[in-house]
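Reminder, nothing fancy here: chain letters follow the sequence lines and each chain counts from 1.
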Number of protein chains: 2
Amino acid sequence: MKPTLQAVADAVGVSRSTVSNAYSRPDQLSAALRERILGAARQLGYPGPNPTARSLRRGFVGSIGVLFTSQLSYAFTDPFAVRFLAGVGEAAERHGTSMLLVPLSRAEPDARRAVENAAVDGFCVYCVADEEWALEVIRARGLPYVSTAARDDAGLDERFVGIDERAAARSVATHVAGLGHRRVALLADSVLPDAPAGPLALSGVDQVPHPTTHGRLAGFADAFADVGVGWAELTLVNAPDNSRQAAAAAVAGLFDRPTPPTAVLAGSDVLALGVLDVLAERPAGNRPPVSVTGFDDVPEAASAGLTTVRQPAEEKGRIAAELLLDPPADAAAGHVLLPTALVVRTSTGPVPRS
Amino acid sequence: MKPTLQAVADAVGVSRSTVSNAYSRPDQLSAALRERILGAARQLGYPGPNPTARSLRRGFVGSIGVLFTSQLSYAFTDPFAVRFLAGVGEAAERHGTSMLLVPLSRAEPDARRAVENAAVDGFCVYCVADEEWALEVIRARGLPYVSTAARDDAGLDERFVGIDERAAARSVATHVAGLGHRRVALLADSVLPDAPAGPLALSGVDQVPHPTTHGRLAGFADAFADVGVGWAELTLVNAPDNSRQAAAAAVAGLFDRPTPPTAVLAGSDVLALGVLDVLAERPAGNRPPVSVTGFDDVPEAASAGLTTVRQPAEEKGRIAAELLLDPPADAAAGHVLLPTALVVRTSTGPVPRS
DNA sequence: GCTAGTCTCTGTATCGATACAGACTGGATC
DNA sequence: GATCCAGTCTGTATCGATACAGAGACTAGC
């Protein structure tokens, strides 16, 4: 049997409290006794207070959870997510906190259980789509959280770090519209929860439930509305998840249509890179001159020459963790909007006249 | 006050046990009563059993820890580590387990506390150098673990997944030696715990404490010993950590020596890419034709044309988690050696004659 | 010599649940 | 009518620690 704190107390001949103090409040006992206790503990092979028991009694755990909508393995496939995690990790590390990665599996009962059972002091909600129930569970547990995807109904009491998705998306779309493009495809991930890969007809952008996706698509649409291209004239393409493969599958066939789009605006760099993959695969002679844009400005975007919108990934993660671990007294300071920048590279160009 | 299980029991007029059963053992009570209990819980805003209390009583937590020697933020900078994590995540997800990332900070007391306090059922030890104490803490806690860096004294009872570092390193070094290179630099990270960046004199490879680094350097040395180049004739270069920046700093100046190396064998792709960065920065006319090799075959290696040794990263992570979560009955099956392959690309070539 | 204050250490209550043995029903079986 | 059994539910002990009030012993101060 593993020795308990009681066993150490018995061995030394002091009370449990004193042994506990030896570990957690060294100033509460004499240095000599403390040494004697730690020595006995070493000898008995006592590994220190049991973390679970300790957190039960103390009421906090010393780790924060990061909630992902998607599978855990996707989180590591998406460079933006990785950089976000790095930021969270950096801040957590500074606070002596570890991070628990909690994936939300597709099956809601399981996913719900994961949120209910996570032993954490709070959550960074990386990307919860319409999983409003997850936030409810967190609130019911009385845990603080920071979300990164704004929702319209989010109260100001809710801590948040993110960008103005709509304005950022509009900026890159305005650039594309300015190049003369009018036949345009918008590519996004999880436009509707279980939609298949490929073109998707939607009466309006407000049908899109995921706030981030909604914001970006709405921003794209805004820019084209400005130049007289309505929603109905835009081709909406759905990718079942945020990966190059999914994007490639979604746009396959798009360029063989009678009137193919001259530009594809993607909701993320990963999707945009998937579009570039598809184009690169075609024989050079049969490669349509399509402009492609991304979103995020992940490291790969630079080498691919992708025009995109930069948002500060690590900083987003860092601030999210910071808002959680060291909440500002002022409620308004709990709502952080980060800057974005349009980055024009070689993947966009003037519409070819033909 | 947050409602407890007791509160729900009181509200419904049943015992605590019954409420507990409603959540954890539905077959122990009638469906009708269960519904009544869950209904009351919903109404009271009871979020389900407290995870900490539950794990204290049940004796397990439902999450596994991943131990990093380096800072948490490095873990996300190194593509190999990211892919390893993805593998761990995938397996963990299949088992309904979350993963706790535990960084080992430089200060040993803090780091020790992190291992002692991690609420986990076991550890994947990603890269523990000479931190033997960490393993001792884990053993003292009575927790299972899987290590990925073999140590000579590792008993067979210790679960392990990795590669034959020495043989793999030898294969790439043999390739370089076969190209005629004899003036060679070996670049590795943390050759000695606190050594500065740059060349380092060492009487023999056995002075290197970190088992992975030791294995790779020894493999490099083996291959050159075969062609008559002894340890003393090789230039050993230390990088303080495993990053492009550290590598660049370590080899800065190396190529301005009177007799510069014609090849640099790096202990990881990240380091090798750092060397390539340094070479790329030099004006084309003054760029020495140096062969460079890496180790791991991360995604970036392919686009950089880096000759390297491929090892299956995700699989390593997946198997590590699997060995932890679903230990094989047969002890020998707990010791997995993965295959490696030499990948020759454009970063190596015949030694220039001059 | 007496009160106050500081250092150490102890004892009990408590954190919020689950395990397990047993009590009570209401049929089915013989 | 006694026995057995499966299906439900209860009660107590327990998981392994920390919080907090307070008990003694000592030193200071007047």
Worksheet item: In whole Å, what is the span from the CG atom of A:L5 to the P atom of D:dA17?
Response: 5 Å

Fill in: Any B:R58 side-chain N or O less than 4.0 Å from OP1/OP2 of C:dT18
no

Practice prompt. Would you indicate, yes or no, if D:dT18 has its OP1 or OP2 atom less than 4.0 angstrom from a side-chain nitrogen or oxygen of A:S24?
Written response: yes

Practice prompt. Could you say whether B:A53 or A:R54 is positioned toward the 5' end of DNA chain D, judged by the nucleotide with the nearest heavy atom to each?
Written response: B:A53

Discussion item. Looking only at the side chain of A:L33 (C-beta and beyond, no hydrogens), which of the listed nucleotides C:dT18, C:dC9, D:dG16 gets closest?
Written reply: C:dC9

Discussion item. Under 4.0 Å from OP1 or OP2 of C:dA17: is there any side-chain N or O of B:Y46 that close?
Written reply: yes

Worksheet item: Considering only side-chain heavy atoms of A:N50, which listed nucleotide, C:dG16, D:dA17, C:dT10, is closest?
Response: D:dA17

Worksheet item: Would you call B:E315 and B:R83 a salt bridge, taking side-chain N to carboxylate O under 4.0 Å as the test?
Response: no

Worksheet item: Expressed in angstrom and rounded to an integer, what is the separation of A:N21 atom CG from D:dA17 atom P?
Response: 14 Å

Item to complete: Give one of base, sugar-phosphate or nothing for B:L29, where a contact means two heavy atoms less than 4.0 Å apart.
Response: sugar-phosphate

Worksheet item: Just how far, in rounded Å, is C1' of C:dT14 from CZ of B:R16?
Response: 12 Å

Worksheet item: Does A:T18 have a side-chain nitrogen or oxygen under 4.0 Å from the phosphate oxygens OP1 or OP2 of C:dT10?
Response: yes

Fill in: Distance, rounded to the nearest Å, where A:I37 contributes CD1 and C:dC9 contributes P
8 Å

Worksheet item: At under 4.0 Å, does any side-chain N or O of A:S20 touch on OP1 or OP2 of D:dA17?
Response: no

Fill in: Polar pair under 3.5 Å, donor/acceptor by atom type, side chain A:S17, base C:dG11
yes

Item to complete: Verify the contact: side-chain N or O of A:S30 to OP1 or OP2 of C:dC9, cut-off strictly under 4.0 Å; return yes or no.
Response: yes

Worksheet item: Between the side chains of A:T18 and A:S15, does any donor sit under 3.5 Å from an acceptor?
Response: yes

Discussion item. Less than 4.0 angstrom from a charged side-chain N to a carboxylate O is my criterion; do B:R318 and B:E322 meet it?
Written reply: no

Practice prompt. May I have the distance from A:F60 (atom CZ) to D:dA19 (atom C1'), rounded to whole angstrom?
Written response: 13 Å

Practice prompt. Mind calculating the distance between CD (A:E116) and C1' (C:dG16) to the nearest angstrom?
Written response: 16 Å

Worksheet item: CD of B:Q28 versus P of C:dA21: gap in Å, rounded?
Response: 13 Å

Worksheet item: Is a donor-acceptor pair below 3.5 Å formed from side chain B:R57 to base D:dT14, judging by atom type as modelled?
Response: yes

Fill in: Nucleotide C:dT6, atom P - distance to CG of A:D27 in whole Å
15 Å

Discussion item. Within the 4.5 Å heavy-atom criterion, are B:V146 and B:F123 side-chain neighbours or not?
Written reply: no

Discussion item. Under 6.0 Å between ring centres: does that hold for A:Y46 and A:Y23?
Written reply: yes

